[in-house]
Amino acid sequence: MITSNIIAGKSVKGSGQTFVGHNPSTLLPIDGDFEIASQENVEQAVSAAKEAFNTYKNTSGVKKAELLRTIAAEIEALGDQLIQRAMQESGLPEGRFKGERGRTIGQLKMFADLVEEGSWVDAVIDTAIPDRKPLPRVDIRNMMQALGPVVIFGASNFPLAFSTAGGDTASALAAGCPVIVKAHPSHPGTNALVSEAIATALEKCGLPAGVYSTLYDNGHTIGGALVQHPDITAVGFTGSEAGGKALMDLAAKRENPIPVYAEMGSTNPVFILPEKLNAEVDKLPAQIAFSVNMGVGQFCTNPGLLFVQENENLEQFTSNLEKEFSGLGSFTMLNDGIYKNYVSKRENALQTEGVTTVQASGTSTNTLKAPPAIAKISYQQFMENTNLHEEIFGPFTLMVVCQNKTEMLNLAHTLKGQLTSTFMGTDSDLESNTDLIDVVSQKVGRIVFNGVPTGVEVGHAMHHGGPFPASSNGRYTSVGTGAIKRFARPIAWQNCPNTLLPDALKEGNPLNIWRKVNGELTRS
């Protein structure tokens with residue numbers, strides 16, 4: 001059976017070339033062929049999205065909320081079929097996907113609540129002051145409105161929550177933007193099921209089918225063509241630094257450059273402060289090992305660097321880390337490319353001069369099971385080997401041993417942009433390291449205290465992004481309700497007749513949303 005691209009709710013013939021998904025646990029192909037899209041399909045999908053935007057951009061928050069909740073219901077209705085296909089295509093366990101499905105559904109409902117309430121548009125009104133001296137003030141009203149058709153790239157490590165109907169798609173649809181999803185080739189069947197759910201939801205809600213399309217490709221041609229299409233207004237991406245930068249370059253070379261909201265690599269350094277290490281020398285290693293190996297280390301928030309200071313308990317701490325890592329199992333990675341990249345970078349790190357292996361099992365040549373590993377290096381040698389500062393995507397972490405606080409502070413200054421950084425310390429530790437915390441705060445999007453960075457809460461306060469190269473624009477988050485702002489832009493109306501204004505800006509506040517009127521936040 002051949003699955004074709006879905007364009008505006010219809011299955012559309014593509015290039016005639018196909019590819020299949022593979023089970024990373026068995027290394028065998030999975031039943032079902034997926035047709036690679038053609039350049040004509042790109043034009044068809046973008047044209048349908050452009051036409052749909054004319055209607056969808058003016059769709060009420062209540063109606064968009066209905067759509068998002070209906071998508072959530074349709075995904076839930078897929079039941080075990082979706083879970084089993086996602087497991088086949090990723091090698092991840094059932095519990096992980098039930099949790100990820102719950103997160104996906106929860107995100108959709110969260111954005112539904114946001115747009116139904118409506119205040120997210122940040123309506124600001126400065127009413128006219130005709131008798132102001134020396135010059136009168138005109139009436140100006142400002143709010144966020146949808147950008148236009150956007151392209152979302154599915155993520156390899158989250159086939160549901162960061163892919164077809166994941167946070168990027170949910171936030172774009174919530175903003176009022178039609179979405180074209182470039183399916184990830186590692187989980188095409190999962191994409192097909194969720195795409196059908198979205199198309200069904202659009203039909204049930206009576207909204208234009210062109211609001212959603214999905215295209216297949218096991219290479220980069222179709223993705224590149226979508227990014228370069230003049231009618232695409234923004235891009236959402238979760239993946240590697242190389243992949244994100246490539247999309248940024250394509251978008252920048254356009255006649256009309258567009259934003260690429262790319263969430264990329266991060267080493268997520270953990271600063272383990274002296275008193276905390278002494279107090280929890282037996283407890284911290286288990287916490288760290290669990291975090292490093294969670295999801296086979298295939299999280300963008302995986303703690304890839306541990307910064308510690310030399311003291312009388314460090315040897316015991318290292319010994320306990322060795323025991324914890326030796327007790328961890330090896331689990332299947334998402335695909336052959338990710339596995340080979342992990343093995344290569346891990347071996348390069350372990351063979352680097354000055355690196356001492358604390359614990360590392362051998363790798364396999366006939367499976368994609370990735371053994372976790374931990375190594376250590378001195379501060380001086382780490383500073384001299386900049387290749388060790390880069391992310392190793394998988395269950396690996398490197399412990400950097402400092403002689404004093406000054407060296408730890410120097411490490412903080414050398415950090416590139418990060419998604420997260422963690423401080424494990426007692427109250428006294430933290431109070432005596434405010435300068436270190438201040439430096440790190442300039443390098444990250446989220447600071448964690450006495451926890452682990454893995455696990456990203458989906459909510460209103462979350463910021464999942466960081467200074468480059470952690471993300472392409474550290475001002476924006478890809479998780480939580482703030483993600484909607486990536487797919488909207490502010491527009492001001494000056495001296496506009498009330499009848500022509502969007503409802504959010506009209507006199508009398510017909511939507512009853514929070515607005516800033518003459519500098520005061522009010523619903524009046």
By side chain to side chain contact (heavy atoms under 4.5 Å, CB included) - contacts of Thr55 (at least two apart):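 Result, side chain to side chain contact (heavy atoms under 4.5 Å, CB included) vs Thr55: Pro208.
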Those residues that, when tested against Lys443, pass side chain to side chain contact (heavy atoms under 4.5 Å, CB included) (two or more places apart):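 Partners of Lys443 by the side chain to side chain contact (heavy atoms under 4.5 Å, CB included) criterion, ordered by chain and then number, come out as Leu415.
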Is it the case that the side chain of [X] and the backbone of [Y] share a donor-acceptor pair, with hydrogens and angles ignored and the cut-off at 3.5 Å?
X      : Y      : answer
Thr357 : Gln359 : no
Glu241 : Gly265 : no
Asp217 : Thr221 : yes
Thr233 : Val150 : no
Ser90  : Leu334 : no
Tyr342 : Pro371 : yes

Taking only residues two or more places apart in sequence or in another chain, which ones pass salt bridge (charged side-chain N to carboxylate O under 4.0 Å, His left out) with [X]?
X      : answer
Lys98  : Glu94
Glu117 : Arg523
Glu390 : Lys416
Asp249 : none

Chi angles and distances behind the side-chain contact (heavy atoms from CB on, under 4.5 Å) call for Thr352, Asn387: CA-CA 9 Å; Thr352 298; Asn387 62 300; 3.8 Å; yes
If we ignore angles and hydrogens, is there a donor and acceptor under 3.5 Å between the side chains of [X] and [Y]?
X      : Y      : result
Asn256 : Arg254 : yes
Asn335 : Ser186 : yes
Asp168 : Tyr261 : no
Asn341 : Ser344 : no
Glu391 : Thr267 : no

Are any of the side-chain heavy atoms of [X] and [Y] separated by less than 4.5 Å?
X      : Y      : result
Ile374 : Val292 : no
Pro24  : Met333 : no
Trp120 : Lys485 : no
Thr214 : Asn191 : yes
Asn23  : Glu89  : no
Ser163 : His187 : yes

Between side-chain atoms of residues 198-207 and protein atoms elsewhere (two or more places apart, or another chain), which donor-acceptor pairs fall under 3.5 Å?
{"from": "Thr200", "atom 1": "OG1", "to": "Glu196", "atom 2": "O", "distance (Å)": "2.9"}
{"from": "Lys204", "atom 1": "NZ", "to": "Glu74", "atom 2": "OE2", "distance (Å)": "2.6"}

Phe97: partners by ring-ring contact (aromatic ring centres under 6.0 Å, His included), with sequence neighbours left out: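 Here no residue qualifies.
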Phe162 six-ring centre to Arg103 NZ/CZ under 6.0 Å and within 45° of normal: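 No, Arg103 does not lie over the aromatic ring of Phe162.
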Lys57 charged N/C atom sitting above Phe53 aromatic ring, 6.0 Å / 45°: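 Here Lys57 passes the 6.0 Å and 45° test against Phe53.
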Pair Thr238-Cys300, side-chain contact (heavy atoms from CB on, under 4.5 Å): steps then yes or no: CA-CA 9 Å; Thr238 299; Cys300 50; 5.6 Å; no
Do any side-chain atoms of residues 8-21 form donor-acceptor pairs under 3.5 angstrom with protein atoms, and if so which ones, sequence neighbours left out?
{"from": "Ser15", "atom 1": "OG", "to": "Gln17", "atom 2": "N", "distance (Å)": "3.2"}
{"from": "Ser15", "atom 1": "OG", "to": "Ile36", "atom 2": "O", "distance (Å)": "2.8"}

His184 versus Ala155, closest heavy-atom pair with distance: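 Residues His184 and Ala155, closest heavy atoms: CD2-C, 4.0 Å.
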Pairs satisfying salt bridge (Lys or Arg N to Asp or Glu O under 4.0 Å), at least one member in residues 144-162, at least two apart: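 Applying salt bridge (Lys or Arg N to Asp or Glu O under 4.0 Å) to every pair that reaches into residues 144-162, excluding sequence neighbours, yields nothing.
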Show every donor-acceptor pair shorter than 3.5 Å between a side-chain atom in residues 449-466 and any protein atom, with sequence neighbours excluded, or say none if there are none.
{"from": "Asn450", "atom 1": "OD1", "to": "Gly425", "atom 2": "N", "distance (Å)": "2.8"}
{"from": "Asn450", "atom 1": "ND2", "to": "Gly425", "atom 2": "O", "distance (Å)": "3.0"}
{"from": "Thr454", "atom 1": "OG1", "to": "Ser291", "atom 2": "OG", "distance (Å)": "2.7"}
{"from": "His460", "atom 1": "ND1", "to": "Thr481", "atom 2": "OG1", "distance (Å)": "3.1"}
{"from": "His463", "atom 1": "NE2", "to": "Gly474", "atom 2": "O", "distance (Å)": "3.0"}
{"from": "His464", "atom 1": "NE2", "to": "Glu263", "atom 2": "OE1", "distance (Å)": "3.1"}

With sequence neighbours excluded, residues passing side chain to side chain donor-acceptor pair (under 3.5 Å) with His229: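 So His229 forms a side chain to side chain donor-acceptor pair (under 3.5 Å) with Glu43.
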